[in-house]
Amino acid sequence: MNSSFGRYCEIGRGARILNSSFDDYSYCDRFADIANTTVGKFANIAAMTRIGPTDHPMTTASLHHFLYRSEYYWDDAAGDDGFFARRAARRTVIGHDTWIGHGAIVKPEVTVGLGAIIGAGAVVTRDVDPWTIVVGNPARPLRRRFSPETGARLERLSWWDWNHDRLRAALPDFRALSAEEFLDRYDG
């Protein structure tokens, strides 16, 4: 609902996408639950993940959704549109070329940086730096995918902005070369 998708996106069976956008080539697998999220290009989102999960009011006398879904319980009561607007404004951002592992949870208002990896089952409550692998509950950095120099070169090359034909032409090199070798060929 209320979501948009770029070119070559895939949405797995049973996934629920709400108030979100997927940029080109991104996908989510089965039963992903994604709300209020901006997904960059080439994001890889595994099955049974929750990204930007909605939450309940914690400062009121009750946590229950009768407070904001009141029409479910009373014919003369409307839902709380303000609550839903505040919820939708708490955006989660998933960067380009990221991998969110099976069953991971990424909380609202978290940014997962460019090229980052979220380990299976991780619970991400804080921003994740670009090119960083995080694991655990709560998620903690395990290591970097690449050196800062390689990460900077990949960001400068921005292959994720290449057109479809250029990606196809470089496909053999994407498959065969390490990141550094790929950069030497395409970034000089």
Side-chain angles (χ1 to χ4, degrees), residues 1-6 9-142:
M1 289 180 57
N2 194 34
S3 296
S4 62
F5 302 90
C9 289
E10 301 170 50
I11 306 301
R13 180 182 301 260
R16 183 178 78 145
I17 314 296
L18 173 67
N19 298 326
S20 296
S21 63
F22 277 55
D23 213 336
D24 297 342
Y25 301 93
S26 290
Y27 73 88
C28 66
D29 204 342
R30 296 162 291 124
F31 302 107
D33 188 342
I34 301 169
N36 309 315
T37 298
T38 302
V39 178
K41 295 176 181 176
F42 295 92
N44 308 276
I45 302 171
M48 299 178 201
T49 54
R50 291 208 63 198
I51 301 175
T54 56
D55 46 21
H56 294 261
M58 293 189 291
T59 60
T60 54
S62 176
L63 297 165
H64 196 271
H65 71 192
F66 84 86
L67 299 177
Y68 49 91
R69 296 188 191 280
S70 305
E71 72 278 13
Y72 290 10
Y73 301 92
W74 300 280
D75 292 337
D76 64 342
D80 184 348
D81 292 338
F83 175 81
F84 290 108
R86 288 186 300 277
R87 191 185 253 185
R90 298 181 64 213
R91 302 293 294 177
T92 302
V93 177
I94 307 298
H96 303 308
D97 195 38
T98 50
W99 176 16
I100 313 297
H102 179 88
I105 299 171
V106 182
K107 295 294 286 176
E109 298 182 295
V110 166
T111 296
V112 175
L114 178 64
I117 297 174
I118 309 301
V123 177
V124 182
T125 60
R126 296 187 176 140
D127 290 354
V128 177
D129 289 337
W131 313 110
T132 301
I133 301 168
V134 300
V135 298
N137 179 6
R140 302 265 187 241
L142 178 65

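Quick caveat, the model's predicted, so the values are computed rather than measured.
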Would you name the heavy atoms of G101 and A46 that are closest together and state the gap between them? C-CB, 3.6 Å

Kindly say whether A47 contributes a backbone atom to a donor-acceptor pair with the side chain of T49 at under 3.5 angstrom? no

When V124 is tested against each of T92, V106, I51 for side-chain contact (heavy atoms from CB on, under 4.5 Å), which residue passes? V106

Can you list the residues that meet the side chain to side chain contact (heavy atoms under 4.5 Å, CB included) rule with S4, with sequence neighbours excluded? S21

Inter- and intrachain pairs under side-chain hydrogen bond (donor to acceptor under 3.5 Å, both in side chains), touching residues 106-115, at least two apart: R90-E109

Less than 4.5 Å apart, any side-chain heavy atom of S3 and any of I34? no

Quick check: closest heavy atoms across T125 and P138, and the distance to 0.1 Å? OG1-CB, 4.3 Å

Compare every heavy atom of D24 with every heavy atom of G6, then report the nearest pair and how far apart it is. CA-OD1, 3.3 Å

For Y27, which residues count as a side-chain hydrogen bond (donor to acceptor under 3.5 Å, both in side chains) partner, sequence neighbours excluded? none

Go through the structure and list residues passing side-chain hydrogen bond (donor to acceptor under 3.5 Å, both in side chains) with T38, not counting sequence neighbours. R91

Point-to-point distance, once rounded to the nearest 0.5 Å, from CZ of R13 to CZ of F31: 8.0 Å

How long is the span from the OG1 atom in T132 to the CG atom in L142, to the nearest 0.5 Å? 10.0 Å

Roughly how far apart are I11 CD1 and F5 CZ, rounded to 0.5 Å? 4.5 Å

How about F22 and E10: do any of their side-chain heavy atoms sit closer than 4.5 Å? no

Can you tell if the side chain of D129 reaches within under 4.5 Å of the side chain of P141, non-hydrogen atoms only? no

side-chain hydrogen bond (donor to acceptor under 3.5 Å, both in side chains) against H64, all qualifying residues, sequence neighbours excluded: none

With sequence neighbours excluded, tell me which residues meet ring pair (Phe, Tyr, Trp, His ring centres under 6.0 Å) with F84. Y68

How far does CZ of R69 sit from CZ of F83, to the nearest 0.5 angstrom? 8.0 Å

Restricting to non-hydrogen atoms, name the atom on L67 and the atom on P57 that form the minimum distance, rounded to 0.1 Å. CD1-CG, 3.9 Å

Measure across A104 and I118 and return the closest heavy-atom pair with its distance rounded to 0.1 Å. CB-CG2, 3.8 Å

Write out all pairs satisfying salt bridge (Lys or Arg N to Asp or Glu O under 4.0 Å) with one or both partners inside residues 70-88, taking only residues at least two apart or from two chains. none

side-chain contact (heavy atoms from CB on, under 4.5 Å), paired with I100, selected from I45, I105, I117: I45

Which residue pairs pass the salt bridge (Lys or Arg N to Asp or Glu O under 4.0 Å) test when at least one of the two sits in residues 115-127, sequence neighbours left out? none

Would you mind listing every ring pair (Phe, Tyr, Trp, His ring centres under 6.0 Å) that reaches into residues 98-131, with sequence neighbours excluded? W131-F146

R50: salt bridge (charged side-chain N to carboxylate O under 4.0 Å, His left out) partners, not counting sequence neighbours: D33

Indicate the atoms forming the closest heavy-atom contact of S20 with A35, along with that distance. OG-C, 3.5 Å

Residues in side chain to side chain contact (heavy atoms under 4.5 Å, CB included) with D23, at least two apart? K41, H96

Residues passing the side chain to side chain contact (heavy atoms under 4.5 Å, CB included) test with A43, sequence neighbours excluded, are S26, V39, I94, T98

